[in-house]
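Encoded as structure tokens, the structure appears first; notes follow it.
Given the structure is predicted, the values throughout are model-derived calculations rather than measurements.
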Amino acid sequence: MSERRVGDRHLISFPIRVEWKDDKGEEMVEEGLTENIGPSGTLIHLPRLLPNVGSKVSLTVTENPSNLVTVSAQVLRLERNAAHPQAALQLLGSTKDWEKNVW
């Protein structure tokens, strides 16, 4: 299987908060950890709830409470492993804060 990602990835675990609206329009909030990060995306572990593929989410890196980094992202794919559910996210819009403070 060929690699489809573009750009480097770093294996690093940052605490994150993900917010999105479910199919019913209800606000969902889940906290988890990054598995790896890249300049235009990340793989995250969310222990309970996962947004749907194609969903737009707000991703906040909460590593440094005095300097939170929030970006918009879209869910590209899910890994529904019961022991370790993950979501692959592609960043949308401006990523300057992400590139400067996270990447």
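Test N52, L46, V53 against L50 for side-chain contact (heavy atoms from CB on, under 4.5 Å) and you get one pass: L46. Considering T34, L89, V69 as possible partners of L59, the one that fulfils the side-chain contact (heavy atoms from CB on, under 4.5 Å) test is L89.
Every residue meeting the side chain to side chain donor-acceptor pair (under 3.5 Å) condition with E19, not counting sequence neighbours, appears here in chain and number order: R17. Remark: N64 engages S66 in a side chain to side chain donor-acceptor pair (under 3.5 Å) (not counting sequence neighbours). Considering only residues two or more places apart in sequence or on other chains, T70 meets the side chain to side chain donor-acceptor pair (under 3.5 Å) condition with T60.
The backbone N or O of R48 lies less than 3.5 Å from a partner atom in the side chain of E30, making a donor-acceptor pair. Under a 3.5 Å cut-off, the side chain of H10 and the backbone N or O of N36 do not form any donor-acceptor pair.
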Could you walk me through whether I16 and T62 satisfy the side chain to side chain contact (heavy atoms under 4.5 Å, CB included) test, starting with their C-alpha distance in whole Å, then the side-chain angles of each, then the deciding distance to 0.1 Å, before giving a yes or no?
CA-CA 5 Å; I16 49 104; T62 58; 5.6 Å; no
I'd like to know whether I37 forms a side chain to side chain contact (heavy atoms under 4.5 Å, CB included) with F14, so could you lay out the CA-CA distance, the side-chain angles of the two residues, the decisive distance to 0.1 Å, and finally the verdict.
CA-CA 9 Å; I37 62 167; F14 287 129; 4.0 Å; yes
Residue pair E26, K21: steps toward the side chain to side chain contact (heavy atoms under 4.5 Å, CB included) verdict
CA-CA 5 Å; E26 293 182 35; K21 289 188 179 181; over 6 Å; no
Apply the test side chain to side chain contact (heavy atoms under 4.5 Å, CB included) to residues Q74 and V57: give CA-CA distance (whole Å), side-chain angles for both, the deciding distance (0.1 Å), then the verdict.
CA-CA 6 Å; Q74 183 172 17; V57 301; over 6 Å; no
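In this structure, T42 OG1 and W98 CH2 are separated by 4.5 Å, a value rounded to the nearest 0.5 Å. Distance CD/E31 to CD1/I44: 11.5 Å, rounded to 0.5 Å.
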